[in-house]
Amino acid sequence: MKVFISADMEGVAGVVHQEHTHRDGREHDRARTLMTEEVNAAVEGALEAGATEILINDSHGTMRNLIPELVHNEADYIIGSPKMLAMMQGIDSSYDAAILLGHHARMGQDGILNHSFSGKVVQNIKVNGVDYGEIGINAAIAGVFGVPAVLVTGCQHAASEVEQLIPSVETAIVKQTVNRYTSRNLTPVKSQALIKQKMIDALNKKDEITPFVIEGPYVVEISYLHAGFADAAEVLPIVEKVDGVTHRFESNDFITAFRYIRSLITLASPV
Ligand SMILES: [Zn+2]
């Protein structure tokens with residue numbers, strides 16, 4: 001059994017602020033440790049459930065967060081960027097299950113440190129009229145390869161976001177969001193124990209969880225936080241302007257659509 005883990009940071013217990021999540025934050029190295037330890041708990045659970053190959057993809061910010069000397073010895077890990085599939089780099093149809101660890105709610109919703117791919121640029125992403133954040137889009141990338149997203153870890157709002165898309169998914173709620181920058185957390189020992197157990201539960205029922213697929217063709221609308229970002233991104237020929245802050249494009253292929261989404265965010269991002 002091959003298991004893929006996408007490891008983000010905002011949904012890790014004890015992480016509540018840019019001081020944790022940003023490269024230059026004073027508590028960043030502590031948050032990196034907490035993230036690596038939660039990943040290791042997931043690896044432990046996967047091994048106990050029978051995994052024979054585990055790949056971790058570092059999917060937060062710089063994508064250079066996992067602390068190599070602390071990473072579980074039975075897993076391989078990808079760090080660095082850019083990566084064509086970003087938070088899902090490394091997944092393919094040979095995997096049996098995908099885990100979204102340390103994930104968070106989409107921009108505009110309740111949920112600790114909520115955002116959608118770029119908190120500086122993106123207000124919302126719609127695919128065929130439905131709003132998606134990182135959880136939905138990453139689960140759908142796994143779905144393209146026929147891989148079910150079986151476990152999401154993070155706050156209660158991240159859990160409910162995925163449950164609306166994949167009712168039978170397992171969730172490990174390691175913290176309760178109080179507001180965007182405040183949460184009530186499990187201690188590291190308890191959050192790691194919960195993640196390990198939920199990983200075992202999720203892999204034991206993986207055959208009951210269907211891959212999450214967004215059916216094509218795709219009409220994508222991306223809204224930015226202000227018109228200046230739309231102005232910068234409209235150089236991409238595929239886009240059509242919906243209003244001052246919104247672009248629309250169409251694609252028949254989900255991975256292609258995802259690549260356009262990322263291209264627009266990159267173009268819009270201030271240098
Ligand atoms: Zn992140």
Side-chain angles (χ1 to χ4, degrees), residues 4-42 56-67 71 77-91 98-125 132-142 149 151-159 161-162 171-175 177 179-183 185 191 195 225 258 261-262 265-266 268-269:
F4 176 87
I5 301 173
S6 173
D8 202 354
M9 184 182 278
E10 287 85 350
V12 170
V15 171
V16 299
H17 191 267
Q18 285 88 339
E19 187 173 81
H20 299 116
T21 56
H22 282 201
R23 196 72 187 166
D24 52 2
R26 272 188 302 179
E27 292 291 304
H28 187 56
D29 284 345
R30 185 187 302 276
R32 292 172 63 204
T33 303
L34 293 170
M35 172 186 170
T36 306
E37 288 173 342
E38 285 198 0
V39 166
N40 287 348
I56 308 156
N57 179 43
D58 192 323
S59 63
H60 172 73
T62 61
M63 303 192 172
R64 300 188 300 270
N65 304 285
L66 292 168
I67 298 174
V71 174
Y77 66 101
I78 297 173
I79 57 170
S81 69
K83 295 181 281 203
M84 185 70 86
L85 290 182
M87 300 177 77
M88 298 302 283
Q89 183 70 32
I91 197 155
I99 284 77
L100 308 180
L101 184 138
H103 272 54
H104 51 82
R106 63 188 164 84
M107 185 69 163
Q109 302 299 297
D110 288 329
I112 191 84
L113 297 169
N114 61 77
H115 64 280
S116 298
F117 295 105
S118 169
K120 292 194 184 101
V121 167
V122 176
Q123 177 59 41
N124 195 31
I125 298 168
Y132 293 102
E134 296 173 26
I135 287 173
I137 288 179
N138 288 340
I141 291 171
L151 171 66
V152 171
T153 82
C155 79
Q156 78 274 30
H157 298 292
E161 190 168 310
V162 71
T171 60
I173 299 173
V174 298
K175 55 185 173 184
T177 287
N179 60 45
R180 195 164 190 249
Y181 299 110
T182 310
S183 67
N185 305 274
S191 70
I195 288 169
L225 288 170
F258 175 67
I261 290 169
R262 291 195 57 222
I265 294 171
T266 303
S269 295

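Both counts, for ligands and for their atoms, begin at 1 and track the order of listing.
- A donor-acceptor pair under 3.5 Å is absent between the side-chain atoms of His28 and the main chain of Arg26, judged by distance alone.
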Under the criterion side chain to side chain donor-acceptor pair (under 3.5 Å), I'd like the reasoning laid out for His104 against Asn114: C-alpha separation, chi angles, the key distance, then a yes or no. CA-CA 6 Å; His104 51 82; Asn114 61 77; over 6 Å; no

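- The atom name of the N/O/S atom in Glu10 closest to the Zn ion (ligand 1) is OE1.
- Among the backbone and side-chain atoms of His115, no N/O/S atom is found under 2.8 Å from the Zn ion (ligand 1).
- Residue Glu134: no N/O/S atom is found under 2.8 Å from the Zn ion (ligand 1).
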With side chain to side chain donor-acceptor pair (under 3.5 Å) as the criterion, how do Ser183 and Asn185 come out once you've worked through the C-alpha distance, each side chain's angles and the decisive distance to 0.1 Å? CA-CA 6 Å; Ser183 67; Asn185 305 274; 2.9 Å; yes

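- Residues Met9 and Ala31 come closest through the heavy atom pair SD-CB, 3.9 Å.
- Its N, O or S atom nearest to the Zn ion (ligand 1) is what matters here, and for Asp8 that atom is OD1.
- Note on His60: its N/O/S atom closest to the Zn ion (ligand 1) is ND1.
- Side-chain atoms of Ser116 come within 3.5 Å of backbone N or O of Met107 as a donor-acceptor pair.
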